[in-house]
Engineer: 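Below: one structure in structure tokens.
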Amino acid sequence: MCGRFALTASPEELLELFGLLKVEDFPARFNIAPTQPILIIVASERPEPGSNLPDRKAMLVRWGFTPGWVKDPRSFPLLINARAETATEKAAFRAAMRHRRILVPASGFYEWHRPPKGSPDASQAYWVRPKKGGIVAFAGLMETWSSADGSEVDTAAILTTGANKVIRRIHDRMPVVIPPEEFSRWLDCTTQEPRAIADLLIPAPEDFFEAIPVSDRVNKVANVGPGLQDEVTPVASAKRTPAEDREKDNGQLTLF
């Protein structure tokens, strides 16, 4: 899953990567949590012929997806993630998969390795970032929820899929990453039906991310400084399978 992430890129970097006309200035955010505002990228309304306006725009939404048919969000579960394998089948996400796909810019995300119940080992937090640095774009879904009095709240969830080999040693799920060359296809809800973009809902390449052990200070939402991403000595190693242990013994595998 993805329960915390960070976005520390500058507005200028976002403008260049996503082809935006403008984006509001904002501070670096090192510990973005559910229910907080998050920056997303959506397809713009189709421009007039001959227009030089970009076909994408940035906006802020609440991280926590609320389907339009929900009457009282206070009694509805907080949906921060959607399983990519079943999103087109679930009533909560079906319409958004067809009509409201988005990109969620991030500098990386946090994940926790939690030992089996009864294990003496402690949980370990990891900062998972692209090995080459820069911005990563998570696949996401958006919905605008309208209350009885007419007020509206834009909400979003991040799509997840089965983890690749690197992340699987920490957790069995990871966010879906959309590469830059596929931004337009993912955001095109006019001509690209869910079945046409299903090939994008896969784990990131094995060498895309690196996982850095960090302190459990990230668990507390009030902690927001860059020190959250400082590497620490892990309290417990993420588990390997017996086959992976044999490979490591042969000098063929490192943990990250």
Side-chain angles (χ1 to χ4, degrees), residues 1-7 14 18 23-24 26-27 29-45 56-112 114 125 136-161 171-178 186-187 189-190 193-194 197 200-201 218-224 228:
M1 63 177 295
C2 177
R4 298 284 177 86
F5 68 100
L7 179 59
L14 292 168
F18 295 102
V23 63
E24 299 298 327
F26 54 85
R29 299 176 66 193
F30 294 90
N31 194 9
I32 301 172
T35 75
Q36 293 181 350
I38 61 172
L39 185 76
I40 67 167
I41 310 299
V42 300
S44 301
E45 295 181 4
R56 299 172 196 147
K57 62 181 181 180
M59 60 185 292
L60 290 174
V61 302
R62 175 182 182 268
W63 187 17
F65 189 94
T66 305
W69 42 261
V70 170
K71 294 183 178 180
D72 183 2
R74 293 172 298 181
S75 63
F76 191 77
L78 185 65
L79 303 177
I80 62 171
N81 295 148
R83 294 178 69 93
E85 300 91 334
T86 58
T88 56
E89 306 166 8
K90 298 294 185 181
F93 304 116
R94 187 184 303 122
M97 275 293 291
R98 179 64 185 85
H99 301 290
R100 290 173 292 278
R101 298 191 297 267
I102 63 172
L103 296 169
V104 181
S107 300
F109 65 100
Y110 298 96
E111 193 53 87
W112 285 259
R114 305 189 189 281
V136 61
F138 298 147
L141 302 174
M142 173 183 166
E143 185 66 88
T144 300
W145 180 81
S146 300
S147 68
D149 64 8
S151 60
E152 295 183 339
V153 180
D154 295 321
T155 69
I158 294 172
L159 284 160
T160 67
T161 188
H171 197 278
D172 62 354
R173 306 288 296 176
M174 68 184 299
V176 173
V177 174
I178 304 296
W186 172 255
L187 293 175
C189 297
T190 302
E193 296 183 0
I197 48 82
L200 300 178
L201 303 177
V218 70
N219 293 352
K220 189 174 181 180
V221 177
N223 294 329
V224 296
L228 295 177

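Along the sequence shown, residues carry numbers from 1.
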Engineer: Could you tabulate the donor-acceptor pairs under 3.5 Å formed by side-chain atoms of residues 67-76, not counting sequence neighbours?
Structural biologist:
from	atom 1	to	atom 2	distance (Å)
Asp72	OD1	Arg74	N	3.0
Asp72	OD1	Arg74	NE	3.1
Ser75	OG	Asp72	O	2.9

Engineer: Would you say Ile38 and Ile32 make side-chain contact, with heavy atoms under 4.5 Å?
Structural biologist: yes
Engineer: Do Leu201 and Trp186 have side chains that approach each other closer than 4.5 Å (heavy atoms only, starting at C-beta)?
Structural biologist: yes
Engineer: Mark yes or no for whether Asn31, through its side chain, and Lys220, through its backbone, hold a donor-acceptor pair below 3.5 Å.
Structural biologist: yes
Engineer: So do the side chains of Val104 and Trp63 get within less than 4.5 Å of each other, counting heavy atoms only?
Structural biologist: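 SC-SC contact between Val104 and Trp63 ruled out.
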Engineer: Looking at every non-hydrogen atom in both residues, tell me the closest pair between Ala82 and Ala157 and how far apart they are.
Structural biologist: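 Nearest pair, atom of Ala82 first, then Ala157: N-CB, 4.5 Å.
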Engineer: Is the side chain of Arg4 donor-acceptor paired with the backbone N or O of Val218 at a distance under 3.5 Å, no angle test?
Structural biologist: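 The answer is yes, because a donor-acceptor pair under 3.5 Å joins these two groups.
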Engineer: Are the side chains of Leu60 and Leu39 in contact, using a 4.5 Å heavy-atom criterion?
Structural biologist: yes
Engineer: Could you tell me how the ring of Phe138 sits relative to the ring of Phe109: parallel (under 30°), tilted (30 to 60°) or perpendicular (over 60°)?
Structural biologist: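 Geometry flag for Phe109 against Phe138: perpendicular rings.
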Engineer: Rounded to the nearest 0.5 Å, how far does CZ of Arg62 lie from CD1 of Ile80?
Structural biologist: 11.0 Å
Engineer: How long is the span from the CG atom in Leu103 to the CG atom in Leu187, to the nearest 0.5 Å?
Structural biologist: 4.0 Å
Engineer: Within the structure provided, determine whether Ile158 and Phe5 are in side-chain contact (heavy-atom separation under 4.5 Å).
Structural biologist: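 Side-chain contact under 4.5 Å: yes.
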Engineer: Applying side-chain hydrogen bond (donor to acceptor under 3.5 Å, both in side chains), which residue pairs with at least one partner in residues 93-109 are found, sequence neighbours left out?
Structural biologist: Thr8-Ser107, Arg100-Glu143
Engineer: Report the residues that fulfil salt bridge (charged side-chain N to carboxylate O under 4.0 Å, His left out) with Arg56, sequence neighbours left out, ordered by chain and then residue number.
Structural biologist: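 Expected list: none.
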Engineer: Between Glu89 and Thr86, is there a donor-acceptor pair closer than 3.5 Å when you use the side chain of the first and the backbone of the second?
Structural biologist: no
Engineer: For Trp112, what residues pass the ring-ring contact (aromatic ring centres under 6.0 Å, His included) criterion, not counting sequence neighbours?
Structural biologist: none
Engineer: side-chain contact (heavy atoms from CB on, under 4.5 Å) with Glu85: which residues, sequence neighbours excluded?
Structural biologist: Arg83, Thr161, Arg173
Engineer: Apply the test side-chain contact (heavy atoms from CB on, under 4.5 Å) to residues Val224 and Arg29: give CA-CA distance (whole Å), side-chain angles for both, the deciding distance (0.1 Å), then the verdict.
Structural biologist: CA-CA 7 Å; Val224 296; Arg29 299 176 66 193; over 6 Å; no
Engineer: Kindly give the heavy-atom pair with the smallest separation between Leu78 and Pro34, and that separation in Å.
Structural biologist: CD2-CB, 3.8 Å
Engineer: When rounded to the nearest 0.5 angstrom, what is the spacing between CG in Leu79 and NZ in Lys90?
Structural biologist: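 Separation between the atoms: 11.0 Å.
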Engineer: Kindly compute the distance separating CE (Met59) from CE (Met142), expressed to the nearest 0.5 Å.
Structural biologist: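 Separation between the atoms: 3.5 Å.
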Engineer: Answer yes or no: is there a side-chain heavy-atom contact under 4.5 Å between Phe26 and Leu14?
Structural biologist: yes
Engineer: Can you see which heavy atom on Leu159 is nearest to which on Ala84, and at what distance?
Structural biologist: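 What the structure gives for the nearest pair is CD2-CA, 3.9 Å.
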Engineer: With a 4.5 Å cut-off on side-chain heavy atoms, are Leu200 and Val176 touching?
Structural biologist: no
Engineer: Rounded to the nearest 0.5 Å, what's the gap from OG1 on Thr160 to CG on Asn81? Could you check?
Structural biologist: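 Separation between the atoms: 5.0 Å.
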Engineer: Looking at side-chain heavy atoms only, is the closest gap between Thr155 and Val61 below 4.5 Å?
Structural biologist: no
Engineer: Tell me every residue that passes side chain to side chain donor-acceptor pair (under 3.5 Å) with Ser147, counting only those two or more places apart in sequence or in another chain.
Structural biologist: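 Expected list: Asp149, Ser151.
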Engineer: Considering all heavy atoms of both residues, which atom of Thr88 and which atom of Pro194 are nearest to each other, and what is their separation?
Structural biologist: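 Minimum heavy-atom contact is CG2-CB, 3.6 Å.
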